[in-house]
A.B. asks: 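To start, I am sharing the structure in question, which I have written as structure tokens.
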Amino acid sequence: MRILIVTDAWSPQVNGVVRTLNAVIGELKAKGHDVRTINPEGRPSRPLPLYREITLTHTSVATLREEIAAIAPDVIHIATEGPLGWTARRVCLREGLKFTTGFHTRFAEYAAARIPLPGVLSLGWQVLRRFHAPSQAVMVPTKSIGAELDRRNFSNVKIWTRGVDHQLFRAYARDHLDLPRPIVLYAGRLAVEKGIDDFIGLKVRGSKVLVGDGPERARLERLAPEAHFLGFRHGEDYARTLASADVMVFPSRTDTFGLVMLEAMACGTPVAAYNAPSPLDVVDNGVTGIIADSLEDAVARASLLDRATVAEGSHKFSWRRCAEMFESWLVPCGRLTPRSGAPDLAYALPR
């Protein structure tokens, strides 16, 4: 089957959407599928206002139509609600092509956090509902997020969970961070919607470590000069960093999943999180982490959990299972042929 995935989120961005798509594409190819992407690579882009780490990529409806026609996909999945996603949606609706969509990010809350004006949150959800309305399957990462979209009158909501690479994320020797213990660690974007001020404000002994980068880094460094800001870490370096922590703190109340929780758990590091939709679906409370109304309480109790049991609990999540679920929700899109005289764009399309 030839699968086309249209996404505004792509390397060099470092986030859960990019990691998820790359992992799923790898699993789908291993199953023999021909997976193509339309992504920002090689296209003019400009930074997103108020969040320069994310770029916006624009292309015309006519150009994207011919790219899709040249690929001749059997199925189309629009992964993101950015400019490429909206343009692909427009092509599909004009040409009568069926497609599925992914709901990865609570953009309505993120916009409201950055633009604190009345009506921003409501308008954000209206835009998201409009984007996903024609989708044959709106794939969401957890049951809690699915239930929320149901309440907000989204249609065709389907659960598409996430996975973790158990060969990379595992119980390493816990000597990668030479810092006073206990080590409490945050991993992810340093952005206002992530609740990092609650992590910084924790009254705990030992060391606070932040892995990642983002628009809030300079402010947070001024706020907490005693904390250790490591920037982005990748591959085994990142996995060993997670394994060296005593507790991984997940302070976000707005994430739709939070891959970092799974990655920490696979390394044996328990998670401390708020009583919020994402942790409720990922963390086995009292087994792989602690969910509580107080982060300090969650950290204290999580540090007592058995690390081997934490790591074992992560094994119910895998990228293979994630890819199988994704595949199960895809629908045949129909056929689109290049227009007469249209340039041959196939040579330029990433395979």
Side-chain angles (χ1 to χ4, degrees), residues 1-45 54-105 131-132 134-139 158 160 162-163 319-339 342-351:
M1 179 166 59
R2 181 169 294 173
I3 301 170
L4 171 60
I5 297 175
V6 183
T7 176
D8 294 88
W10 202 246
S11 302
Q13 293 180 32
V14 180
N15 56 49
V17 180
V18 176
R19 295 210 301 280
T20 295
L21 292 177
N22 282 328
V24 169
I25 288 170
E27 291 289 341
L28 292 171
K29 287 183 175 180
K31 295 183 69 175
H33 294 298
D34 179 6
V35 185
R36 312 290 183 93
T37 63
I38 290 178
N39 62 66
E41 192 173 9
R43 304 174 193 271
S45 301
I54 296 178
T55 58
L56 301 178
T57 303
H58 296 272
T59 193
S60 70
V61 172
T63 297
L64 204 62
R65 183 206 183 278
E66 295 310 312
E67 291 190 20
I68 294 173
I71 292 172
D74 297 303
V75 297
I76 299 173
H77 178 73
I78 303 176
T80 54
E81 302 98 334
L84 285 177
W86 277 96
T87 305
R89 175 188 180 276
R90 190 173 180 185
V91 171
C92 290
L93 293 180
R94 279 188 176 185
E95 303 293 338
L97 300 176
K98 294 182 179 181
F99 60 94
T100 60
T101 56
F103 185 92
H104 297 269
T105 308
F131 179 89
H132 292 282
S135 175
Q136 300 297 303
V138 183
M139 301 189 201
K158 308 294 182 184
W160 171 37
R162 298 294 183 262
W319 286 123
R320 176 177 295 181
R321 174 59 180 150
C322 176
E324 289 172 348
M325 294 180 74
F326 175 80
E327 183 183 3
S328 73
W329 300 130
L330 297 173
V331 297
C333 63
R335 287 298 173 189
L336 178 63
T337 58
R339 290 196 173 114
D344 181 5
L345 298 172
Y347 72 92
L349 300 177
R351 298 181 67 88

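Fair warning: this is a prediction, and the values are worked out from it, not measured in the lab. When reading the values below, keep in mind they use all heavy atoms of this one structure, side chains included, and skip hydrogens, waters and symmetry mates.
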A.B. asks: Kindly compute the distance separating CG (Asp74) from CD1 (Ile71), expressed to the nearest 0.5 Å.
C.D. replies: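 So the gap between those two atoms works out to 11.5 Å.
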A.B. asks: Please test His132 against Glu81 for side-chain contact (heavy atoms from CB on, under 4.5 Å), starting from the C-alpha separation and ending with a verdict.
C.D. replies: CA-CA 9 Å; His132 292 282; Glu81 302 98 334; 2.8 Å; yes
A.B. asks: Rounded to the nearest 0.5 Å, how far does CD of Gln136 lie from CZ of Phe99?
C.D. replies: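 Answer for the CZ-CD pair, Phe99 versus Gln136, is 8.0 Å.
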A.B. asks: Roughly how far, to the nearest 0.5 Å, is the OG1 atom of Thr80 from the CZ atom of Phe131?
C.D. replies: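 That separation rounds to 6.5 Å.
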A.B. asks: Using every non-hydrogen atom in the two residues, find where Val75 and Cys333 come nearest and quote the distance to one decimal.
C.D. replies: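 Reported closest heavy-atom pair: N-SG, 3.9 Å.
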A.B. asks: With sequence neighbours left out, write down each residue that passes side chain to side chain donor-acceptor pair (under 3.5 Å) with His104, or none if nothing qualifies.
C.D. replies: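 By the side chain to side chain donor-acceptor pair (under 3.5 Å) rule, His104 matches Arg162.
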A.B. asks: Quick one: OG1 on Thr20 to CE on Met139, what's the gap to the nearest 0.5 Å?
C.D. replies: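 It is 13.0 Å, given to the nearest 0.5 Å.
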A.B. asks: Compare every heavy atom of Thr57 with every heavy atom of Ser45, then report the nearest pair and how far apart it is.
C.D. replies: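 Where Ser45 meets Thr57 most closely, the heavy atoms are OG-OG1, 2.7 Å.
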A.B. asks: What is the minimum heavy-atom distance between Cys322 and Gly163, and which atoms define it?
C.D. replies: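 Shortest heavy-atom separation between Cys322 and Gly163 comes out as CB-N, 4.4 Å.
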A.B. asks: Please identify which of these residues, Leu97, Val6, Leu336, meets the side-chain contact (heavy atoms from CB on, under 4.5 Å) condition with Cys92.
C.D. replies: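 When side-chain contact (heavy atoms from CB on, under 4.5 Å) is applied between Cys92 and each of Leu97, Val6, Leu336, only Leu97 qualifies.
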A.B. asks: For Ser135 versus Ala137, what's the shortest heavy-atom pair and its separation?
C.D. replies: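 Looks like OG-O, 2.9 Å.
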A.B. asks: Within the supplied structure, the quantity of interest is the number of heavy atoms (other residues, nucleotides, ligands) at a distance under 6.0 Å from Arg320 CZ; does it exceed 12?
C.D. replies: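 Check fails, neighbour count at 12 or below.
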A.B. asks: Mind checking whether Thr59 and Leu84 have side chains closer than 4.5 Å, heavy atoms only?
C.D. replies: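 With C-beta onward as the side chain, the pair touches.
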A.B. asks: Return the CH2 to CG distance between Trp319 and Asn22, rounded to the nearest 0.5 Å.
C.D. replies: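 The CH2 atom of Trp319 sits 9.5 Å away from the CG atom of Asn22.
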A.B. asks: The criterion is side chain to side chain donor-acceptor pair (under 3.5 Å); which residues satisfy it with Ser60, sequence neighbours excluded?
C.D. replies: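 Scan of Ser60 (side chain to side chain donor-acceptor pair (under 3.5 Å), adjacent residues dropped) gives Thr63.
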A.B. asks: Nearest 0.5 Å please: distance from the CD1 atom of Ile38 over to the CD1 atom of Ile68.
C.D. replies: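 Reported to 0.5 Å precision, the distance equals 4.5 Å.
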A.B. asks: State, to 0.1 Å, how close Ala88 and Leu64 come at their nearest heavy-atom pair, and which atoms those are.
C.D. replies: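 That closest heavy-atom pairing would be N-CD2, 3.4 Å.
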A.B. asks: Have a look at His77 and tell me which of Thr37, Val331, Leu330 forms a side-chain contact (heavy atoms from CB on, under 4.5 Å) with it.
C.D. replies: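 By the side-chain contact (heavy atoms from CB on, under 4.5 Å) criterion, His77 pairs with just one of Thr37, Val331, Leu330: Leu330.
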A.B. asks: Please report the shortest heavy-atom distance between Trp160 and Val24, naming the atom on each side.
C.D. replies: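 Answer, listing the atom of Trp160 first, then Val24: CZ2-CG2, 3.9 Å.
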A.B. asks: Would you mind listing every salt bridge (charged side-chain N to carboxylate O under 4.0 Å, His left out) that reaches into residues 86-105, with sequence neighbours excluded?
C.D. replies: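 Qualifying pairs, neighbours excluded: Arg65-Glu95, Glu95-Arg339.
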